[in-house]
Amino acid sequence: MKLLLLITVCSSNVRLLSATSRGMPVIEYSFPCGANGKADIKSSNLTLGNLQGIEMAHCNPLDNGISSKTMLESTSIAPMRRAFLQSNATGLALELWIKPKIQKPPTPSFRPIVTIASDQHQVDDIFECHLTDLAIGLRGDLLEFRYVDNDPYQSCRILLVRDRPLYNDETTQIVMTLHESKTSVYVNGEPIITGAPNSFMTNLTMWNKDSTIRLLANRESMPTDIYSGALYQVSIYDKVDAAARIQLAYQEKLQGFADGLVNRGPLRLVASAASATVLQGQSSTVQLGGFNQSMPEYEVWIEILVLPQHGILLGEKGLIRDPGIRLPLQTSSLEMSFFYRPRSDNFFTSPSTSFSGKELDSSPDVVEFRLVATGNNDGAVLGWSEPVQKNIDVQHVNRPPTLEIATTALVPPEQSSSAWGYPTAYLDGAQLEDPDENVDRVRVDLWAKNGSLSFPDYSTLADFSPRKSRGHPIWQCHGDPSGSRNMTFLAEPDSVTQILSSLRYEGFFWDQQDVIVVRIYDGSGGDCLDEDEHTRGTIHDGCYEIIAKVQVPPIFMRKNEFKLKDISFVQISFWLMLFVPILAVLFVLQRLLSCINLCRKGGGVGVEGGIGGDESPEYYEWDTEAEMPR
């Protein structure tokens with residue numbers, strides 16, 4: 001079991017670690033530029049072989065440094081282990097020369113520069129060494145060192161140097177020494193860490209013989225975990241120099257860098273980073289170049305450092321397949337024309353959000369380049385401009401959608417058996433495919449002849465608001481998602497798929513066929529939205545129309561025994577309110593007719609009258625056909 005030790009170290013007093021003179025390194029890599037600006041490799045130990053992946057590295061011809069977005073890897077370190085054993089090594093010193101590109105995200109990850117590890121389970125961003133013997137890298141602008149110690153727990157020692165942050169584009173020497181159970185770190189010849197304890201085995205017998213030296217990345221590094229910057233030299237020594245000798249070595253090497261620039265005229269090359277805009281799915285011209293204020297005897301070239309990821313770049317001689325290509329600028333020209341075409345007709349970068357505001361993760365495509373000056377006579381590289389990234393914005397062009405939908409509605413087998421139920425059906429397999437990533441809305445018309453349509457579950461996805469066009473619109477949104485015979489609304493294409501997939505049809509009559517008509521309009525003008533109603537910066541080329549007709553077959557009421565429970569309370573109340581007044585009227589008419597019939601059969605009506613109480617009542621008979629007395 002390995003034990004993890006994290007040591008955050010501050011500076012302390014200088015201590016001389018050894019009085020031995022500076023010797024030759026056991027292994028040293030340097031990177032002179034080869035022909036055509038290609039990176040080369042120079043190794044002092046040929047038994048380790050060439051670095052795999054060196055052809056992917058980019059070379060800086062002036063100071064012979066490399067940068068790479070892939071890992072460079074040697075063969076097994078077994079020969080180096082044997083060399084340490086044979087020399088009776090008294091220590092280990094690892095020297096790096098770099099020029100970093102500092103990145104300081106809120107949570108910086110570890111970006112290894114040099115790693116000695118045995119398999120794919122190597123340095124990652126958690127505080128463990130795994131099967132890594134030694135690693136040096138950056139965490140933000142801070143140096144970080146990791147190595148496995150030889151204590152009983154085989155601890156993973158981690159040193160994070162907080163007292164000496166690195167600076168962007170600073171030519172920096174880094175020296176780490178392991179000697180006499182002490183660890184020291186020097187930056188540009190100055191001691192930053194001295195005397196940190198260790199139990200390191202200087203003969204390297206604790207290192208796995210199958211380990212390899214890996215530069216600039218891990219085997220499975222994410223892009224954010226890759227060291228960005230230049231690497232000039234890697235040296236491993238089996239002896240540790242005194243602090244004064246390390247300082248002197250720094251001055252000597254630094255002078256060597258300076259000597260490369262002596263007696264050269266001033267170079268004032270500035271590459272232009274102005275962005276370019278092209279149209280989706282079309283080849284367009286982009287200009288690369290800049291400003292040359294150098295002496296006239298210098299030739300100026302455009303050197304492509306990073307090719308576009310989502311498109312292809314064509315020069316005068318055809319497709320540019322590999323980075324590192326140099327193309328000459330004409331004497332009187334400051335720019336050169338290239339053709340750029342997206343690899344996919346559906347790729348665009350602007351707009352960067354959908355209509356509803358969803359991020360589309362479509363950042364501009366990028367081509368990185370610089371200007372390089374060479375001598376007219378010998379073609380020697382004299383200098384170059386700072387690299388620049390030219391953003392290529394691909395402007396969205398509206399493209400027609402496609403609608404997949406079954407031609408016959410889906411009729412559920414379970415239909416209502418109630419006398420007051422309605423036949424129901426649904427659309428089947430509706431899918432609106434739109435390559436425009438919902439950057440604009442489409443118009444949707446739905447209607448039926450013998451039924452109503454509804455989609456209450458997705459009503460919030462449809463916009464039934466009146467149009468706000470500056471002109472006089474020839475159509476308007478209308479209808480109700482809870483149920484309408486016909487409706488018109490606006491929605492994003494993906495929302496249309498959800499709406500159509502949930503659309504419910506309710507027929508007005510049983511055993512009656514119908515047709516559901518679906519019309520979709522995408523674009524500008526005519527039956528589509530007007531151009532002033534589109535605010536997304538999209539280029540529209542007319543109005544695309546899709547028409548689909550879905551047949552609704554006759555739907556029969558389920559034959560089933562009528563049960564009182566099938567009648568709802570509302571239905572019972574309705575019929576009671578309808579028939580009770582009718583029954584009351586019929587009752588009154590029946591009583592009136594009975595009375596009339598009695599009178600026709602001779603029955604009289606007695607009327608009490610007279611002057612005195614002893615007189616007998618008089619009776620009168622009325623002719624039912626005569627006028628009744630008033």
Side-chain angles (χ1 to χ4, degrees), residues 354-356 400-412 416 420-434 436 438 440-510 512-530 532-535 543-553 555:
S354 67
F355 182 86
S356 60
T402 57
L403 177 64
E404 295 181 5
I405 192 170
T407 56
T408 303
L410 178 64
V411 178
S416 174
W420 299 279
Y422 298 97
T424 60
Y426 298 90
L427 298 187
D428 188 21
Q431 180 74 35
L432 182 63
E433 296 287 348
D434 187 11
D436 299 327
N438 296 316
D440 269 331
R441 297 181 298 177
V442 297
R443 168 191 170 186
V444 181
D445 289 354
L446 302 173
W447 72 83
K449 181 178 180 182
N450 298 319
S452 67
L453 305 170
S454 62
F455 51 93
D457 293 341
Y458 293 98
S459 59
T460 58
L461 301 180
D463 184 5
F464 287 87
S465 304
R467 295 174 60 195
K468 298 179 180 180
S469 175
R470 289 194 294 266
H472 300 284
I474 60 176
W475 58 271
Q476 276 290 359
C477 296
H478 65 89
D480 186 347
S482 61
S484 290
R485 184 175 177 182
N486 60 78
M487 61 182 73
T488 296
F489 57 87
L490 302 176
E492 291 184 357
D494 284 355
S495 298
V496 173
T497 295
Q498 294 177 280
I499 290 171
L500 295 182
S501 298
S502 67
L503 190 69
R504 175 185 175 92
Y505 168 87
E506 289 190 353
F508 297 147
F509 312 101
W510 293 99
Q512 178 70 57
Q513 66 181 6
D514 202 350
V515 177
I516 301 173
V517 180
V518 180
R519 288 180 181 265
I520 297 174
Y521 301 92
D522 181 16
S524 175
D527 291 321
C528 293
L529 290 169
D530 292 340
D532 62 279
E533 295 176 277
H534 291 289
T535 60
C543 180
Y544 302 111
E545 179 182 7
I546 298 176
I547 302 177
K549 296 183 179 180
V550 180
Q551 300 294 327
V552 181
I555 304 174

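The analysis underlying the following values was restricted to heavy atoms, covering all of them including side chains, and did not include hydrogens, waters or symmetry mates.
Residues that satisfy the salt bridge (charged side-chain N to carboxylate O under 4.0 Å, His left out) test with Glu433, not counting sequence neighbours, are absent from this structure. Under the rule for a salt bridge (charged side-chain N to carboxylate O under 4.0 Å, His left out), the partners of Asp445 that lie at least two apart in sequence or sit in another chain are Arg443. Partners of Phe509 by side-chain contact (heavy atoms from CB on, under 4.5 Å), not counting sequence neighbours, listed by chain and number: Gln512. Scanning for side-chain hydrogen bond (donor to acceptor under 3.5 Å, both in side chains) contacts around Thr407 gives an empty result, with sequence neighbours left out. For Pro401, the side-chain contact (heavy atoms from CB on, under 4.5 Å) partners at least two apart in sequence or on another chain are Leu432, Asp434, Asp522, Tyr544, Ile546. With sequence neighbours left out, Asp480 forms a side-chain contact (heavy atoms from CB on, under 4.5 Å) with Ser482, Ser484. Applying the side-chain hydrogen bond (donor to acceptor under 3.5 Å, both in side chains) test to Tyr458 and every residue at least two apart in sequence or in another chain returns nothing. Taking Cys477 as the reference, nothing meets the disulfide (SG to SG under 2.5 Å) condition, with sequence neighbours excluded. Applying the salt bridge (charged side-chain N to carboxylate O under 4.0 Å, His left out) criterion to Arg485, with sequence neighbours excluded, gives no partner residue. Taking Glu506 as the reference, Arg504 meet the side-chain hydrogen bond (donor to acceptor under 3.5 Å, both in side chains) condition, with sequence neighbours excluded. The salt bridge (charged side-chain N to carboxylate O under 4.0 Å, His left out) check on Glu545 picks up Arg519, with sequence neighbours excluded. Residues meeting the side-chain hydrogen bond (donor to acceptor under 3.5 Å, both in side chains) test with Ser465, sequence neighbours left out: Asp463.
With rounding to the nearest 0.5 angstrom, the CD1 atom of Ile405 is 8.5 Å from the OG atom of Ser501. Taking OG1 of Thr424 as the reference point, atom CG of Leu410 lies at 9.5 Å (rounded to 0.5 Å). Remark: Asp440 CG to Leu490 CG distance equals 10.5 Å, nearest 0.5 Å. A distance of 13.0 Å separates OH of Tyr505 from OH of Tyr426, quoted to the nearest 0.5 Å. Between the OG1 atom in Thr488 and the CH2 atom in Trp475 there is a gap of 7.5 Å [rounded to 0.5 Å].
The side-chain heavy atoms of Val518 and Ile547, taken from C-beta on, include no pair separated by under 4.5 Å. Proximity of Ile499 to Leu461: side-chain heavy atoms (C-beta onward) are separated by under 4.5 Å at one or more points. Asp514 places none of its side-chain heavy atoms less than 4.5 Å from the side chain of Gln551. Looking at Val496 and Val442, their side chains come closer than 4.5 Å, going by heavy atoms from C-beta outward. Val552 is listed as a side-chain neighbour of Ile516, based on a closest heavy-atom distance under 4.5 Å. Considering only heavy atoms from C-beta on, Ile520 comes within 4.5 Å of Leu403 through its side chain. Between Asn438 and Ser356, the closest side-chain pair of non-hydrogen atoms is not below 4.5 Å. Two residues are said to be in side-chain contact when any heavy atoms from C-beta on lie closer than 4.5 Å; Arg467 and Leu529 meet this criterion.
Between Phe489 and Phe455, the two ring planes are tilted [angle within 30° to 60°].
Shown here is Glu404, whose CD atom has no more than 12 heavy atoms of other residues, nucleotides or ligands within 6.0 Å.
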| What's the verdict on side-chain contact (heavy atoms from CB on, under 4.5 Å) for Ile474 and Asp527, showing C-alpha distance, side-chain angles and the deciding distance? | CA-CA 8 Å; Ile474 60 176; Asp527 291 321; 4.0 Å; yes

Stepwise side-chain contact (heavy atoms from CB on, under 4.5 Å) test for Val515 and Val550: CA-CA 6 Å; Val515 177; Val550 180; over 6 Å; no

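Formation of a donor-acceptor pair under 3.5 Å by the His534 side chain with backbone atoms of Gly523 is found in this model.
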